[in-house]
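Note sheet for the following structure.
None of the values given here were measured: they were computed from a predicted structure.
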Amino acid sequence: GLHLLAGERPFEYFKRVDKWWNGQISRDEFVEENVSQLNDLLEQSDHATAPDLVVWYTNSCLDPRENSPELVKAFQDAGFSVSILSHTSESLSMTAAENLGADFVVPSWTFQFEGGRFEFIEKEVYADDKSEVVEEMKEAGVNKIMFVGNGENDIEICERCDKAFMVEN
């Protein structure tokens, strides 16, 4: 999302992702380039600090699926705790959780700031690792896990949950 506003085309970004995953560049090199692009975007923007830019992006680009609040409420009324597990920044996930009334967030990654600029991006759980979260929940004693997904990267997690639903993008 936000890094694409910095000018990197999706094709170029995913080419870098492939280089990282194939060991041609390190995770540090991958993140360093992301941070550099984000700071370039900050300098070209009207925002004084990186946190201001993130807040603007979050408020501008948050677009929950239709009927999401009703879906969250239905699960909560059935006795479930509801989490946002998304391959997006913690700030965007937290805002979505607050807007939808979700109970908690499992962050994918978090922006770290220093002196009003982007410093680095702290990885928590990438979208491809969502199924590991299910295993951690089971190990922690969660006895029934339901999941609503919307993409190919959600198929593996759906297979590990007690019940799963896929919604159209």
> If you measure from CD1 on I25 to CD on E32, what distance do you get to the nearest 0.5 Å?
Replying inline: 10.0 Å
> At what distance, to the nearest 0.5 angstrom, does CD of E119 lie from CG of L38?
Replying inline: 12.0 Å
> Could you state the interatomic distance from NE2 (H47) to CH2 (W56), rounded to the nearest 0.5 Å?
Replying inline: 5.5 Å
> Shared ILVMFWY cluster between V55 and F113, side chains joined below 4.5 angstrom?
Replying inline: no
> What pairs of residues pass the salt bridge (charged side-chain N to carboxylate O under 4.0 Å, His left out) test when at least one of them lies in residues 103-113, not counting sequence neighbours?
Replying inline: none
> Which residue pairs pass the salt bridge (charged side-chain N to carboxylate O under 4.0 Å, His left out) test with at least one member in residues 35-54, sequence neighbours excluded?
Replying inline: E43-R117
> How far apart are the closest heavy atoms of I145 and C161, and which atoms are they?
Replying inline: O-CB, 3.5 Å
>> As an exercise, state the distance from CZ of F147 to CD1 of I157, rounded to the nearest 0.5 Å.
In response: 4.0 Å
>> So that I can tick it off, tell me whether E156 and R160 are bridged by a salt bridge, with the cut-off set at under 4.0 angstrom between side-chain N and carboxylate O.
In response: yes
>> Using side-chain contact (heavy atoms from CB on, under 4.5 Å), reason through K144 and K163 one step at a time and then give a plain yes or no.
In response: CA-CA 8 Å; K144 190 164 187 181; K163 187 138 189 153; 5.5 Å; no
>> Donor-acceptor pair, distance only, cut-off 3.5 Å: does the side chain of T58 make one with the backbone of V54?
In response: yes
> When you check the gap from the basic side-chain N to the acidic O, do E29 and K19 get nearer than 4.0 Å?
Replying inline: no
> Are F80 and L100 connected in a single hydrophobic cluster, I mean Ile/Leu/Val/Met/Phe/Trp/Tyr linked by side-chain heavy atoms less than 4.5 Å apart?
Replying inline: yes
> Between N150 and V167, is there a donor-acceptor pair closer than 3.5 Å when you use the side chain of the first and the backbone of the second?
Replying inline: no
> Where is the tightest heavy-atom contact between G116 and P51, given as atom of each residue plus distance?
Replying inline: O-CD, 4.0 Å
> Taking C-beta and beyond as the side chain, do F30 and N34 meet within less than 4.5 Å on heavy atoms?
Replying inline: yes
> Taking a hydrophobic cluster as the set of Ile, Leu, Val, Met, Phe, Trp and Tyr residues connected by side-chain heavy atoms closer than 4.5 Å, whether directly or through intermediates, do M166 and I84 fall within one such cluster?
Replying inline: no
> Does a side-chain heavy-atom distance below 4.5 Å link F165 with M146?
Replying inline: yes
>> Is it the case that atom CD in E152 sees more than 12 heavy atoms from other parts of the structure closer than 6.0 Å?
In response: no
>> Quick one: does any side-chain atom of S45 pair with a main-chain N or O of L42 as donor and acceptor, under 3.5 Å?
In response: yes
> With distance as the sole test, does Q76 use its side chain to make a donor-acceptor pair with the main-chain N or O of G101 at under 3.5 Å?
Replying inline: yes
> Should L41 and Q37 count as side-chain neighbours, where that means a heavy-atom distance under 4.5 Å?
Replying inline: no
> Is there a chain of hydrophobic side chains (I, L, V, M, F, W, Y, each step under 4.5 Å between heavy atoms) that links V142 to L85?
Replying inline: yes
> Is there a donor-acceptor pair closer than 3.5 Å between any side-chain N or O of E12 and the backbone N or O of R9?
Replying inline: yes
>> Rounded at 0.5 Å granularity, tell me how far OG in S81 sits from CE in M137.
In response: 8.5 Å
> Looking at L71, V72, D77, which hits side chain to side chain contact (heavy atoms under 4.5 Å, CB included) with F75?
Replying inline: L71
>> Can you tell me how far apart NZ (K15) and OH (Y13) are? Round to the nearest 0.5 Å.
In response: 15.0 Å
> Hey, quick one: are V106 and I155 part of the same hydrophobic cluster, counting side-chain heavy atoms closer than 4.5 Å, chains of contacts allowed?
Replying inline: no
